[in-house]
Chemist: 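Here it is, the structure, as structure tokens.
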Amino acid sequence: MTRETTRVAIIGAGPAGLLLGWALRRAGIDAVIVENRSVEYILARVRAGVLEQGSVDTLKRLGVGDGVATNGLIHDGIYLQFAGERHHVDFNELIGRTVTVYGQQAVVADLIDAHKHDGSPIYFESSDVAVHDIESPSPRVTFGHRGEEHDLHADFVVGADGFHGVCRPSIPSSALTAYERSYPYAWLGILATVPPSTDELIYCLHEDGFAMHSMRSMEVSRLYLQVDPSESIENWSDERIWDALHTRLGVPGWTLHEGEITEKSITPMRSFVTSTLNCGSLFLAGDAGHIVPPTGAKGLNSAIADVTILADALIDHYADDDVALRRYSDVALGRQWRIQQFSQWMTQMLHRHPGGSADHEFDYRSQLGQLDYTTSSTHAMRSLAEQYTGLPL
Ligand code: RFL
Ligand code: PHB
């Protein structure tokens with residue numbers, strides 16, 4: 001058994017864990033990151049694509065913003081499409097803010113690169129990761145790594161291990177309530193090697209269901225289709241996917257360009273929030289504490305927001321000021337519930353609710369009314385712009 005000590009033991013090398021480890025390291029606070037997947041697996045994982053202005057500012061402030069500054073695509077707004085018409089919502093014109101298209105994969109690659117040169121140790125491919133004694137001031141993490149058993153002692157453990165991690169379940173059930181809802185739809189997402197057919201993201205409500213056109217670069221497009229959650233990816237040939245995308249996204253005078261599909265998968269949609277992000281010496285950050293449906297592009301940005309708040313609170317703690325650390329859970333969850341509301345609103349406005357009932361047809365027409373209002377009232381567009389580009393920390 002190898003015994004080690006550190007200040008902060010971080011579980012998970014996703015964006016939350018990597019950014020926290022990096023922020024602490026820059027402040028001279030020792031941290032160790034324990035991850036159960038391989039570095040190759042993490043670098044290949046395709047997920048979110050849009051960074052709020054505040055997330056970009058955070059990456060730059062922490063010295064890991066060169067990639068996003070060089071390769072990020074700044075977008076002034078988005079398109080909302082419904083009833084066969086496409087409407088532009090110009091955030092920059094409405095409120096003077098923008099978003100940046102830069103894949104989560106690239107954020108993670110930049111962070112791993114920074115850690116390699118001058119960062120916290122990362123134990124990739126760890127097995128049987130478990131947290132102990134979280135209700136005491138000296139918690140521990142045990143794990144196997146390259147045939148050795150490790151016993152890592154820390155002042156704090158941070159669960160940045162995503163929705164399916166081990167940290168949230170290690171909080172006694174009497175200390176935590178889960179608030180959640182599921183949605184009767186899922187997203188089929190593809191990556192295609194073809195220049196985007198649009199300059200900014202298109203979110204579309206069509207009679208057949210939601211569709212979206214996003215991108216990763218000027219060479220790679222990312223597109224999504226609403227499908228049933230029980231749908232199997234085997235039922236979706238490339239041809240069927242492109243046909244559905246043409247049908248849903250098509251407007252007169254516009255062409256959707258097809259390309260080779262290099263990745264396709266189906267992601268279920270869920271909203272989930274824990275009642276607390278703190279139990280004793282354990283703190284949760286990112287997807288470990290909350291999940292949103294992807295329609296508002298908030299998952300990655302929320303992880304970055306949590307970490308920004310938590311890193312500053314831990315830095316204060318080591319400067320003998322505990323106020324922010326004690327308030328972390330309340331502050332992060334307060335912001336999170338606003339994001340939950342926005343993500344739920346965007347999701348319900350833009351997806352076709354399944355079923356053949358009278359409600360179903362009523363809902364669709366009511367959604368068209370909501371979209372008509374949202375794209376024609378300056379007040380409504382400003383509200384959308386404010387939330388999509390990111391609430392202040
Ligand atoms: P992550 O990225 O899930 O990272 C958690 C890390 O913890 C590791 N881990 C463990 N490590 C050690 N021991 C254990 N027992 C462990 N269990 C897990 C995992 O391997 C992983 O490396 O969480 P983090 O850092 O909080 O970041 C959050 C974001 O990843 C997430 O919010 C978004 O990607 C959500 N999301 C999307 N958000 C968007 O805004 N737009 C999107 O298009 C979008 N697509 C997605 C997504 C999430 C997906 N998931 C979770 C299945 C697509 C998918 C497929
Ligand atoms: C993406 O590019 O993957 C993406 C963009 C915006 C969203 C969701 C996903 O709301």
Side-chain angles (χ1 to χ4, degrees), residues 1-4 6 8-25 30-49 59 62 64 66-68 71 102-132 140-152 154 157-170 189-191 193 216-217 220 222 233 261-268 284-289 291 294 299-300 303-304 306-307:
M1 175 82 80
T2 309
R3 189 183 194 279
E4 273 177 274
T6 189
V8 184
I10 300 169
I11 318 291
L18 289 168
L19 187 64
L20 180 66
W22 178 251
L24 294 177
R25 176 87 196 134
D30 272 357
V32 170
I33 304 176
V34 182
E35 162 65 49
N36 63 357
R37 300 285 192 171
S38 68
V39 67
E40 294 78 23
Y41 180 92
I42 286 174
L43 288 170
R45 205 158 43 190
V46 181
R47 286 189 176 173
L59 296 176
L62 293 175
V64 280
D66 288 354
V68 65
N71 298 315
Y102 191 64
Q104 179 167 329
Q105 245 178 319
V107 174
V108 165
D110 294 348
L111 285 165
I112 288 179
D113 208 38
H115 277 288
K116 261 190 208 150
H117 290 106
D118 184 25
S120 307
I122 309 178
Y123 288 98
F124 288 106
E125 296 178 71
S126 298
S127 57
D128 304 315
V129 180
V131 297
H132 311 272
R140 291 181 307 126
V141 179
T142 54
F143 58 98
H145 188 256
R146 296 198 182 144
E148 285 254 351
E149 292 303 309
H150 288 249
D151 184 16
L152 175 62
V157 175
V158 175
D161 50 349
F163 185 65
H164 300 287
V166 291
C167 290
R168 194 182 63 253
S170 72
I190 62 161
L191 268 186
T193 312
R216 284 294 174 271
S217 65
V220 176
R222 175 91 168 135
I233 196 73
I261 296 180
T262 56
E263 207 263 353
K264 57 177 162 181
S265 60
I266 294 180
T267 309
L284 302 176
D287 275 15
I291 296 274
L300 169 60
I304 294 175
D306 281 1
V307 164

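Sequential numbering from 1 along the given sequence is applied to the chain's residues. Note: hydrogens, waters and symmetry copies are ignored here, and every other heavy atom, side chains too, is used.
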Chemist: Which value, rounded to the nearest 0.5 Å, describes the distance between I33 atom CD1 and D161 atom CG?
Modeler: 12.5 Å
Chemist: Identify the heavy atoms of A285 and V158 that sit nearest to each other, and give their distance.
Modeler: CB-CG1, 4.4 Å
Chemist: Can any side-chain N or O of H115 pair as donor or acceptor with the backbone N or O of S120 at less than 3.5 Å?
Modeler: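 Yes.
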Chemist: Counting distance only, does the side-chain N/O of D306 pair as donor-acceptor with the main-chain N or O of G286 below 3.5 Å?
Modeler: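 Looks like yes, one N/O pair under 3.5 Å.
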Chemist: Below 4.0 angstrom, N of the basic side chain to O of the carboxylate: do R222 and E263 qualify?
Modeler: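 Yes, charged N to carboxylate O under 4.0 Å.
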Chemist: To the closest 0.5 Å, what do you measure between CD (E40) and CD (E125)?
Modeler: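 Those atoms lie 6.5 Å apart.
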Chemist: Considering non-hydrogen atoms only, spot the tightest contact between R37 and I42 and give its length.
Modeler: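 Closest approach of R37 to I42, heavy atoms only: CB-CG1, 4.1 Å.
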Chemist: Donor-acceptor pair, T6 side chain versus A9 backbone, under 3.5 Å?
Modeler: no
Chemist: Is the cationic atom of R168 (NZ for Lys, CZ for Arg) positioned less than 6.0 Å from the six-membered ring centroid of F163 and within 45 degrees of its normal?
Modeler: yes
Chemist: What heavy-atom pair brings G299 and D287 nearest, and what distance separates the two atoms?
Modeler: O-OD1, 4.5 Å
Chemist: How close do A31 and L24 get, counting heavy atoms only, and between which atoms?
Modeler: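 A31 and L24 have their closest heavy atoms at CB-CD1, 4.2 Å.
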Chemist: Do you know the tightest heavy-atom contact between C167 and G159?
Modeler: SG-CA, 3.4 Å
Chemist: Using a 3.5 Å distance criterion without hydrogens, assess whether the side chain of W22 forms a donor-acceptor pair with backbone atoms of L62.
Modeler: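 Yes, W22 side chain to L62 backbone: donor-acceptor pair under 3.5 Å.
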Chemist: Closest heavy-atom contact between F124 and I112?
Modeler: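 Nearest pair, atom of F124 first, then I112: CZ-CD1, 4.2 Å.
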